[in-house]
Number of protein chains: 2
Amino acid sequence: MELKDIQQLLHEHKFRVTKEREAVLLAFIDAGRMFTPAQLHDYVKERYEQVGLTTVYRLLETLTKVGLATPFLIDGEIYYTFCPNQHHHHFVCLQCHQVKELFQCSAQQAVDVDHQVGTVEYHKLDFFGRCRSCEEEKHC
Amino acid sequence: MELKDIQQLLHEHKFRVTKEREAVLLAFIDAGRMFTPAQLHDYVKERYEQVGLTTVYRLLETLTKVGLATPFLIDGEIYYTFCPNQHHHHFVCLQCHQVKELFQCSAQQAVDVDHQVGTVEYHKLDFFGRCRSCEEEKHC
DNA sequence: ACCTTATAGAAAATCATTTTCTGTAATGGA
DNA sequence: TCCATTACAGAAAATGATTTTCTATAAGGT
């Protein structure tokens with residue numbers, strides 16, 4: 001999914017894509033990792049341009065509404081991942097905070113089985129651990 | 001898992017079980033639903049006895065450390081579920097906030113497969129939707 | 001170009017959570 | 001059982017992330 005598509009999706013929901021939002025979006029997509037709002041703010045400031053922290057909060061809120069971002073609670077901090085696809089599962093590295101998208105869903109079967117207890121609206125299957133490169137760096 | 005076992009587990013970690021903590025624990029276990037700290041505080045106050053909000057926060061923190069509770073981020077609110085088992089998956093009702101424990105794990109297979117991207121430390125598989133009774137009440 | 005409506009961003013406000021502090025109570029050993 | 005040690009309870013204050021407010025500005029449609 002490209003920037004163009006995202007802009008269109010936002011337009012469909014009557015959100016506007018300003019240069020500030022574009023800067024944050026570019027950073028968010030490029031980075032391929034999860035951020036707290038404050039972290040993303042710093043990241044954008046360094047690489048693209050100065051935007052307000054409020055703007056970052058608002059864009060993350062908007063993206064979440066549209067389904068393009070997902071908040072995670074990890075160690076008491078709220079991290080956001082960029083989610084280009086509806087049905088997504090992540091592998092989240094607890095060390096470098098990189099996020100890898102998984103393109104298979106072994107949980108679909110489970111969804112069907114567990115339908116017994118109620119109507120499943122959505123499910124989350126996420127893996128947490130250390131990615132290859134973090135492992136190879138052999139931190140103590 | 002009974003109150004007795006929980007008390008022992010807390011003891012092993014050198015935590016003390018006071019009458020206040022026991023009251024909160026009983027409420028938490030009995031209710032079979034998820035709570036925000038404030039909600040649990042109100043719940044305990046109504047049914048058992050008056051305890052401080054700080055105490056509730058501290059017990060939830062303690063239980064989380066020991067692995068007996070898990071925080072969830074839902075609609076920007078942090079909810080805690082009681083987790084008597086290590087390896088647990090939930091069905092969370094978005095309406096009544098009841099939590100049902102699922103005793104099968106269809107994700108184990110996925111864990112093995114996705115081992116390629118890194119070392120999986122833990123995974124989460126959770127289902128969100130509406131439980132039977134909420135469905136049958138037919139809210140609009 | 002104009003009009004309507006959403007956004008940017010600083011500043012203030014809010015509110016959940018944490019910390020501090022003092023009195024109290026639980027635990028383990030003598 | 002008593003004492004010493006250490007953790008806890010809870011009120012009050014502090015913290016800090018997030019939200020709200022407000023005014024100027026900019027985007028998109030006509």
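Order of the sequence lines sets the chain letters (A, B, ...), proteins ahead of strands, with each chain counted from 1. Side chains included, hydrogens not; waters and symmetry mates left out as well; all remaining heavy atoms used.
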Rounded to whole Å, how long is the line connecting atom [atom1] of [X] with atom [atom2] of [N]?
X	N	atom1	atom2	value
A:R16	D:dA26	CZ	P	13 Å
B:I78	C:dA16	CD1	P	11 Å
A:L40	D:dA17	CG	C1'	15 Å
A:Q8	D:dA27	CD	P	19 Å
A:Y57	D:dT21	OH	P	18 Å
B:L53	C:dT18	CG	C1'	11 Å
B:E77	C:dT14	CD	C1'	14 Å
A:Q7	C:dA6	CD	C1'	16 Å

In the structure I gave you, are the side-chain heavy atoms of B:I78 and B:Y80 within less than 4.5 Å of one another anywhere?
yes

With heavy-atom distances below 4.5 Å as the criterion, would you say the side chains of B:R58 and B:E20 are in contact?
no

Per the atom types in the model, does the base of C:dT7 pair as donor or acceptor with the side chain of A:R21 at under 3.5 Å?
no

Answer with yes or no whether A:R58 presents, from its side chain, a donor or acceptor under 3.5 Å of a partner atom in the base of C:dT7.
no

Candidates [options] - which lies nearest the side chain of [X]:
X	options	value
A:T54	D:dT18, D:dT20, C:dT17	D:dT20
B:H11	C:dG9, C:dT27, C:dT19	C:dT27
B:E20	C:dT19, C:dA11, D:dA9	D:dA9

More 5' along DNA chain C: B:V17 or B:T36, using each one's nearest nucleotide?
B:T36

Can you work out whether B:K14 or B:V51 has the more 5'-proximal nearest nucleotide on DNA chain D?
B:K14

Examine D:dA7: is either OP1 or OP2 under 4.0 Å from a nitrogen or oxygen in the side chain of B:T18? Give yes or no.
no

Distance test, side-chain N/O of B:T55 to OP1/OP2 of D:dG10, below 4.0 Å:
yes

How far does [atom1] of [X] sit from [atom2] of [Y], to the nearest 0.5 angstrom?
X	Y	atom1	atom2	result
B:I74	B:T36	CD1	OG1	11.0 Å
B:K19	B:L26	NZ	CG	14.0 Å
A:F28	A:Y43	CZ	OH	11.0 Å

